[in-house]
Amino acid sequence: LGGYGLAAGVPIRRLVEGRAFERLVRWSAVAATVLIAMAAAHRSYPIHLPLLPLPDFGVDGSDAATIFAALGLIGLLLELAKEKRSRLTMLACLPLLVSPFLANQRAVLVMLGASVTTVVVVAMGKTARRRLRVKSAEVLLSAMAVVGVVLGVAVVPALEGHGPVQVPLSATIAKTFNSTGKIESAQDRASKWSVAFSYIRQHPIIGNGLGVEFSFYEPGPNVITVTDVTENIALDLWMRTGLIGLALFVLALFVSVFDGLAVWRLHPDRMVAVLALALVAVIVGLVAKGMVESIFEKYRLATTLGLSLGLLRSAVTSAGGPRLGQRRARAYEEV
């Protein structure tokens with residue numbers, strides 16, 4: 001809520017006019033590149049800085065990869081909307097979007113997949129032709145670049161070593177989805193959800209309160225563990241606040257996303273419209289991640305969600321709200 005309030009009170013033009021966000025994307029790309037290199041080399045070091053303890057520096061964690069992916073997606077879409085693009089900024093988006101694949105966390109890939117799918121589905125409409133400045137030649141060159149990287153990483157080493165062709169990141173992705181630990185983690189979540197439903201049945205309308213805890217069987221160590229999270233934000237809300245709290249959250253989320261898509265279609269400022277689409281995609285991705293991993297108790301992800309919702313609200317109010325924004329947009333198009 002604090003992040004939402006702070007972001008909603010900042011004029012959205014301050015974000016798209018200056019170069020502060022570009023600098024954030026570029027410096028984040030430096031951090032992501034370092035983590036990707038260390039993760040690929042399987043290196044990590046304990047670093048104890050004042051007020052910043054880093055016991056496992058070099059590990060591409062779930063929270064960091066999620067934030068990197070959000071920044072990369074927003075930065076890429078904003079660059080695609082500009083008349084004069086910064087190649088450095090677009091290049092900086094690459095490690096940010098690759099970071100989730102090295103985090104060894106399925107929830108991060110769910111977030112990235114949901115966000116990208118949202119952008120692709122929305123971009124199929126006619127509005128994308130007016131908002132995004134993407135040429136067919138750029139798409140072709142990008143596809144050729146991807147094919148070149150795949151050939152360089154997979155085929156060439158296989159030819160030199162006379163071995164089988166290895167799909168890039170295949171080992172990492174296989175470990176993320178098919179390792180014993182991940183299978184046990186899925187069983188762990190299923191056990192939590194089963195116990196959470198038993199608590200929900202006790203007070204389905206008003207919930208059990210914010211302090212509820214429950215015990216469940218944890219495979220792997222084969223122990224009974226006490227926890228206060230279900231690894232599913234819908235179940236967390238339903239168990240604590242009942243259907244009343246869950247319905248209010250869904251309603252607020254729906255209104256935010258709906259207004260964001262209205263900004264994408266009707267806002268007279270192209271940059272603000274594209275930023276709204278990017279924020280909608282990030283919010284959808286975070287909620288999708290939250291369906292398989294609790295994010296409310298993780299202050300980094302909770303703050304990211306609040307800031308994204310606040311920025312989206314600032315984009316909506318920049319046109320005077322949805323209805324006034326529609327009237328202004330139509331008048332602008334007629335001129």
Side-chain angles (χ1 to χ4, degrees), residues 12 15-33 35-36 60 64-103 108-125 127-150 168-169 257 260-261 263-264 267 269-286 288-289 304-305 307-308 311-312 315:
I12 200 65
L15 186 63
V16 297
E17 284 180 347
R19 302 192 63 185
F21 189 78
E22 278 191 9
R23 296 190 183 98
L24 175 61
V25 170
R26 293 176 183 180
W27 282 109
S28 299
V30 173
T33 302
L35 291 179
I36 289 173
D60 189 11
T66 300
I67 296 173
F68 285 154
L71 290 174
L73 184 62
I74 296 174
L76 180 61
L77 287 178
L78 287 178
E79 287 299 319
L80 292 178
K82 295 179 180 178
E83 294 182 3
K84 295 182 179 180
R85 299 171 189 167
S86 170
R87 296 180 180 178
L88 180 59
T89 303
M90 294 191 68
L91 182 63
C93 294
L94 182 60
L96 296 176
L97 295 173
V98 170
S99 177
F101 292 95
L102 296 174
V108 184
L109 297 179
V110 169
M111 178 267 175
L112 182 60
S115 298
V116 172
T117 300
T118 301
V119 172
V120 172
V121 171
V122 175
M124 289 181 178
T127 306
R129 299 176 184 176
R130 295 186 290 108
R131 302 300 194 187
L132 300 177
R133 299 180 179 275
V134 182
K135 301 178 181 179
S136 57
E138 294 175 336
V139 176
L140 179 60
L141 289 175
S142 299
M144 293 176 64
V146 172
V147 172
V149 171
V150 172
L169 299 177
V257 172
L261 293 177
V263 171
W264 156 253
H267 200 286
D269 191 319
R270 183 178 67 254
M271 296 299 297
V272 174
V274 173
L275 177 59
L277 172 61
L279 291 170
V280 166
V282 169
I283 291 168
V284 171
L286 288 173
K289 175 183 172 71
T304 302
L305 178 61
L307 291 173
S308 300
L311 290 173
L312 186 58

Test I74 against every option in L277, L24, L15, L279 by the side chain to side chain contact (heavy atoms under 4.5 Å, CB included) rule and name the one that passes.
-> L279
Please walk me through it: do L96 and S28 pass side-chain contact (heavy atoms from CB on, under 4.5 Å)?
-> CA-CA 7 Å; L96 296 176; S28 299; 3.9 Å; yes
Give a yes-or-no answer on whether the side chains of R19 and S86 include a donor-acceptor pair shorter than 3.5 Å.
-> no
Does E22 pair with K82 as a salt bridge, N-O distance under 4.0 Å?
-> yes
Tightest non-hydrogen contact, residues M111 and T66, listed as CE-O, 3.9 Å
Of all heavy-atom pairs linking A69 and P100, the shortest is CB-CG, 3.7 Å
CG on L76 to CE on M90, rounded to 0.5 Å = 5.5 Å
Point-to-point distance, once rounded to the nearest 0.5 Å, from NE2 of H267 to CD1 of I12 | 9.0 Å
List the steps and the verdict of side-chain contact (heavy atoms from CB on, under 4.5 Å) for L275 and L78.
-> CA-CA 6 Å; L275 177 59; L78 287 178; 3.9 Å; yes
Output for pair (F68 CZ, L73 CG), nearest 0.5 Å, gives 15.0 Å
Please confirm whether the backbone N or O of W264 pairs with a side-chain atom of R131, one donor and one acceptor, at under 3.5 Å?
-> yes
In short, A288 meets V110 closest at the heavy-atom pair O-CG1, 3.8 Å
For the pair S115 and V284, evaluate side-chain contact (heavy atoms from CB on, under 4.5 Å) and give the outcome as yes or no after the intermediate values.
-> CA-CA 6 Å; S115 298; V284 171; 5.8 Å; no
Partners meeting salt bridge (charged side-chain N to carboxylate O under 4.0 Å, His left out) with E17 (sequence neighbours left out) = R13
Would you say the side-chain atoms of T117 pair up with the backbone N or O of G113, donor to acceptor, closer than 3.5 Å?
-> yes
Closest approach of L312 and G260, non-hydrogen atoms and distance?
-> CD1-CA, 3.6 Å
Can you list the steps and then say if L97 with L112 is a side-chain contact (heavy atoms from CB on, under 4.5 Å)?
-> CA-CA 8 Å; L97 295 173; L112 182 60; 4.2 Å; yes
All heavy atoms of A70 vs all of V282, minimum pair found to be CB-CG1, 3.8 Å
Please report the shortest heavy-atom distance between R270 and A81, naming the atom on each side.
-> NE-O, 2.8 Å
Report the distance from atom CD of E79 to atom CG of L77, rounding to the nearest 0.5 Å.
-> 10.5 Å
Side chains of R26 and V30 in contact at under 4.5 Å (non-hydrogen atoms) | no
Using a 4.5 Å cut-off on heavy atoms from C-beta on, say whether the side chain of F21 contacts that of L71.
-> yes
